[in-house]
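No hydrogens, no waters, no symmetry mates; every other heavy atom, side chains included, goes into these values. Everything numeric here is computed off the predicted structure, so don't read it as measured data.
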Amino acid sequence: MGTLEGSGNGADPDPVNRHSARLQCIVARAAPLDLLQMAPTNISDALALFLGLRIVSQTQAEGSQGYRKAWMASPINHVTADAAPFLLIHGDADQAVPLKQSEMMEEALHKVNVPAKLIRIPKGGHGPAFPGGQIPDDLNAEIVKWLDTHLQKHASSR
C-alpha cells in the first residue's frame with residue numbers, strides 16, 4: 001500500500017473516492033516486499049493462495065501468469081520518488097520472511113530519495129513480537145518518532 005499511487009478521482013460520484021488514498025508514511029514489520037524472491041515457507045504458500053496461484057512454494061517461470069501476478073503484487077516493483085517514507089523493522093533470524101526483503105526495500109527507496117530506515121532486531125524471528133529477539137528498549141519510541149516526523153511534515157505542507 002505504501003508504494004501505490006492512490007490518487008483520488010475528482011469525477012467520482014462518491015465523495016470518499018474523490019480524495020487521495022495514498023499513505024503518508026509506513027511502519028512495516030517483517031513484510032514480504034518482493035514476492036518473486038520469497039523462499040518456500042508457510043508465508044509464501046499463503047501469498048500464493050492470496051494471489052490465486054495454483055503452483056505453491058515454487059519459483060514462477062518468467063513471463064508466466066503467476067510470475068506477472070507476483071511481480072505486480074510486490075511493493076518493491078512500485079517504488080517511485082513519491083512513495084511514502086518507510087520504517088522497516090525486521091528480525092535478523094526471521095525464517096519466514098528473510099531480512100533481505102527489508103534490506104532490498106530500504107535500498108530501493110534510498111535510490112529514489114525516499115526516506116527509509118531499517119531497524120534490525122538481533123536474533124528476532126518472524127511475528128509481531130520478534131520471537132527470541134533482543135528488542136531495543138526504544139523501539140516504540142523510534143516508531144512514534146518516525147510517525148511524528150513524517151505525519152507532521154505532511155500536515156504542515158497543506
Side-chain angles (χ1 to χ4, degrees), residues 1-12 14 16-133 135 139 142-143 146-147 150-151 154:
M1 298 292 297
T3 57
L4 297 178
E5 181 188 347
S7 59
N9 177 356
D12 195 294
D14 185 335
V16 171
N17 295 334
R18 292 183 205 143
H19 297 279
S20 172
R22 180 178 280 288
L23 299 179
Q24 298 171 25
C25 70
I26 309 301
V27 176
R29 297 171 68 107
L33 299 159
D34 185 342
L35 305 184
L36 292 168
Q37 295 197 34
M38 288 289 294
T41 64
N42 289 338
I43 298 293
S44 62
D45 289 351
L47 290 169
L49 289 172
F50 175 74
L51 295 173
L53 301 177
R54 297 187 66 187
I55 302 170
V56 181
S57 292
Q58 294 180 11
T59 302
Q60 299 292 321
E62 190 168 347
S64 70
Q65 181 181 12
Y67 182 95
R68 288 190 304 274
K69 281 184 176 183
W71 192 95
M72 288 299 296
S74 297
I76 199 162
N77 295 322
H78 303 283
V79 169
T80 62
D82 58 349
F86 271 72
L87 175 61
L88 303 154
I89 309 169
H90 213 124
D92 66 9
D94 192 328
Q95 297 297 309
V97 178
L99 173 64
K100 182 75 175 160
Q101 293 278 313
S102 289
E103 291 171 339
M104 290 185 311
M105 187 64 158
E106 181 185 36
E107 182 180 330
L109 291 160
H110 283 162
K111 281 184 181 177
V112 294
N113 298 314
V114 171
K117 179 178 181 179
L118 172 57
I119 298 174
R120 290 170 180 80
I121 306 297
K123 301 180 183 176
H126 188 76
F130 303 102
I135 311 241
L139 180 61
E142 283 287 325
I143 294 169
W146 185 264
L147 295 171
H150 295 286
L151 293 178
H154 182 77

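- Contact between Ile26 and Leu23 at its shortest, heavy atoms only, is CD1-CD1, 3.5 Å.
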Report task. Evaluate the criterion side chain to side chain contact (heavy atoms under 4.5 Å, CB included) for residue pair Leu118 and Met105; output intermediate values, then yes/no. Result -> CA-CA 9 Å; Leu118 172 57; Met105 187 64 158; over 6 Å; no
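- Looking only at distances, a side-chain donor or acceptor of His78 sits under 3.5 Å from a matching main-chain atom of Met72.
- At distances below 3.5 Å, not a single donor-acceptor pair connects side-chain atoms of His150 with backbone N or O atoms of Gln24.
- The distance from the CD1 atom of Ile143 to the CG atom of Leu147 is 7.5 Å, given to the nearest 0.5 Å.
- When all heavy atoms are compared, the tightest approach of Cys25 to Trp146 is CB-NE1, 4.2 Å.
- In terms of heavy atoms, Val114 sits closest to Ala81 at CG2-O, 3.5 Å.
- In terms of heavy-atom proximity, Ile76 sits nearest to Ala108 at CG1-CB, 4.1 Å.
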Report task. Assess whether side chain to side chain contact (heavy atoms under 4.5 Å, CB included) is satisfied between Leu87 and Ile119, documenting all intermediate values. Result -> CA-CA 8 Å; Leu87 175 61; Ile119 298 174; 3.8 Å; yes
Under 3.5 Å, which donor-acceptor pairs link side chains of residues 28-35 to any protein atom two or more places apart or in another chain?
| from | atom 1 | to | atom 2 | distance (Å) |
| --- | --- | --- | --- | --- |
| Arg29 | NH2 | Pro128 | O | 2.0 |
| Asp34 | OD1 | Leu36 | N | 3.2 |
| Asp34 | OD2 | Gln37 | NE2 | 3.2 |

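- The two residues Gly133 and Ile121 have their closest heavy-atom pair at CA-CG2, 4.0 Å.
- The stretch residues 92-105 participates, sequence neighbours left out, in these salt bridge (Lys or Arg N to Asp or Glu O under 4.0 Å) pairs: Glu103-Arg120.
- Between His110 and Glu106 there is a side-chain heavy-atom pair separated by less than 4.5 Å.
- Looking at heavy atoms from C-beta onward, Gln101 lies out of side-chain contact with Leu88 at the 4.5 angstrom threshold.
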